[in-house]
> 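Below is the structure I would like to discuss, written out as structure tokens.
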Amino acid sequence: MSTTKKRLTAVVVGLGMAGTLAACGSSDGGQGSGDSKTVTLVSHDSWAASKDVIAAFEKQSGYKVDVLKDGDAGQAVNKAILTKDNPQGDVFFGVDNTLLSRALDNGLFQSYEPKGSDTVKAEYRVDGDRHRVTPIDTGDICVNYDKKYFADHDLEPPKSFDDLVKPQYKNLLVTENASASSPGLGFMLGTAAEYGDTGWEGYWKKLKANGVKVVDGWEQAYNEEFSGSSSGKKAKGDRPLVVSYASSPPAEVLYTKPKPATAPTGVAEGTCFRQVEYAGLLANARNSKGGKAFLDFLIGKRFQEDMPLNMFVYPVTEGAQVPPEFVKYGPQVKDPKTMDPAKIAGHRDQWVKSWTSLVLK
């Protein structure tokens, strides 16, 4: 599950701690020349695509693709902001809706509307007619549960946020630090969407009193603390509830040998928060022509249908098919919590500060 491990972790790193990175951009070619035969993608460590799909783009476009994986999602976004005047590449992929305002407010991207943008489903589009970012994929941050634990204890798994604070689920949940993890932040935002600006803190007081455990990131939570994952079993994890993704059950099946007939984990669909990832043409990109061609490719049907089993996310374009494994082993979450990016921008930092003071101290 190495790809899944990587894609599900994103640390929100403070901009100030990496100031020395500002001079680390690429020095190839002239700014915005578009003459290079190489297009450079900057992304988080979880970027993955099939070799034949990338090869098809290279053959059709004439550009060679170089990929710079630049840490987890939060770190990659912040480093890209710091190097925006001398960028490391041409296209950035992987900023999500929890951090989008940070990228836009800092002028990370220039405007470009990719060919085929009309196929992107309307609910994922943002930024109006400025077209600084393009939606590429979506997924849901949700509480996952260990089916065997709940069967062995003759206990119904939780279905909602409300269930998680009930006595029968005391000391069962592990989540990630909202100040240091993308799924942890998404879960916190889900509670804010559920209980409102003034109610979410009271909910976390109840959750803390009910024994929620907080760890730094997804990999520790899912692969060490969670009793339902294959890695968690080996690590003797004792928490049968974990904040992860709706696509985690299919990953458990696909990366387990021999492959089980059904997923060993399930999803509490009433706890899900919708995450959307975007890509954009970097401000001052040296190969803007190549970058634009690559953005066209990212929302094309071939890449959209290749993406799910490489990065365990869902396509965002009309007509792109979801792999049957996703349908068979994972839920199609019908009503996830959502929050307008502008609201996230206005509240995120203060909410994280309040959450830290309330839950970690």
Side-chain angles (χ1 to χ4, degrees), residues 1-15 17-18 21 24-26 39-50 54 65-84 87-104 106 108-109 133-141 176-186 216-223 243-245 247-248 251 274-282 285 291 294-295 297-298 303-304 306-316 341 344 348:
M1 290 181 61
S2 57
T3 299
T4 311
K5 291 176 187 175
K6 291 177 182 176
R7 103 152 312 286
L8 298 179
T9 308
V11 177
V12 182
V13 179
L15 288 174
M17 69 181 290
L21 298 174
C24 295
S26 169
V39 57
T40 300
L41 171 70
V42 183
S43 186
H44 48 57
D45 285 345
S46 323
W47 161 267
S50 297
I54 296 297
V65 178
D66 276 353
V67 179
L68 173 61
K69 295 183 179 182
D70 216 1
D72 56 59
Q75 181 180 356
V77 169
N78 289 334
K79 187 173 178 181
I81 291 170
L82 290 165
T83 60
K84 68 180 181 180
Q88 297 176 291
D90 307 302
V91 172
F92 186 93
F93 163 82
V95 59
D96 68 34
N97 51 316
T98 69
L99 294 171
L100 180 61
S101 64
R102 181 175 294 172
L104 296 182
N106 281 278
L108 183 57
F109 301 111
V133 291
T134 300
I136 304 298
D137 67 72
T138 185
D140 294 310
I141 296 166
E176 301 84 1
N177 189 332
S179 69
S181 163
S182 182
L185 177 59
D216 287 342
W218 179 88
E219 187 160 347
Q220 183 182 356
Y222 193 84
N223 289 313
V243 172
S244 191
Y245 281 74
S247 55
S248 296
R274 178 60 50 88
Q275 187 179 54
V276 183
E277 284 189 305
Y278 304 88
L281 184 65
L282 286 166
F294 195 72
L295 285 167
F297 161 71
L298 290 179
F303 178 80
Q304 286 283 304
D306 178 67
M307 184 172 57
L309 292 181
N310 280 290
M311 293 191 282
F312 287 88
V313 289
Y314 288 81
V316 296
I344 295 174
R348 179 186 58 234

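Nothing here was measured: the structure is a model prediction, and the numbers come from that model.
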> Search all heavy atoms of Asn97 against all heavy atoms of Arg274 and return the closest pair with its distance.
ND2-O, 3.2 Å

> Run the ring pair (Phe, Tyr, Trp, His ring centres under 6.0 Å) test against Tyr278 and tell me which residues pass, sequence neighbours left out.
none

> Name all residues meeting the side-chain hydrogen bond (donor to acceptor under 3.5 Å, both in side chains) criterion together with Asp66; count only those two or more places apart in sequence or in a different chain, and write none if there are none.
Lys64

> Quick check against the 3.5 Å criterion: does Ser43 have a side-chain atom that pairs as donor or acceptor with the backbone of Phe93?
yes

> With distance as the sole test, does Ser181 use its side chain to make a donor-acceptor pair with the main-chain N or O of Ala178 at under 3.5 Å?
no

> Any carboxylate oxygen within less than 4.0 angstrom of a Lys/Arg side-chain nitrogen, looking at Asp70 and Lys79?
yes

> Return yes if some donor-acceptor pair links the side-chain N/O of Asp90 with the main-chain N/O of Thr40 below 3.5 Å, else return no.
yes

> Mind checking ring pair (Phe, Tyr, Trp, His ring centres under 6.0 Å) for Phe109 and listing every partner two or more places apart, or none if nothing turns up?
none

> Any idea how Trp47 and Phe303 line up, ring-wise: parallel (<30°), tilted (30 to 60°), or perpendicular (>60°)?
parallel

> If we ignore hydrogens and angles and just use 3.5 Å, is the side chain of Glu277 paired with the main-chain N or O of Gly139 as donor and acceptor?
no

> Side-chain donor-acceptor pair under 3.5 Å between Ser182 and Gln275, yes or no?
yes

> In terms of relative ring orientation, are Trp218 and Tyr222 parallel, tilted or perpendicular, with 30° and 60° separating the classes?
parallel

> Given 3.5 Å as the limit, does a donor-acceptor pair link the side chain of Asn106 with the main chain of Leu108, or not?
no

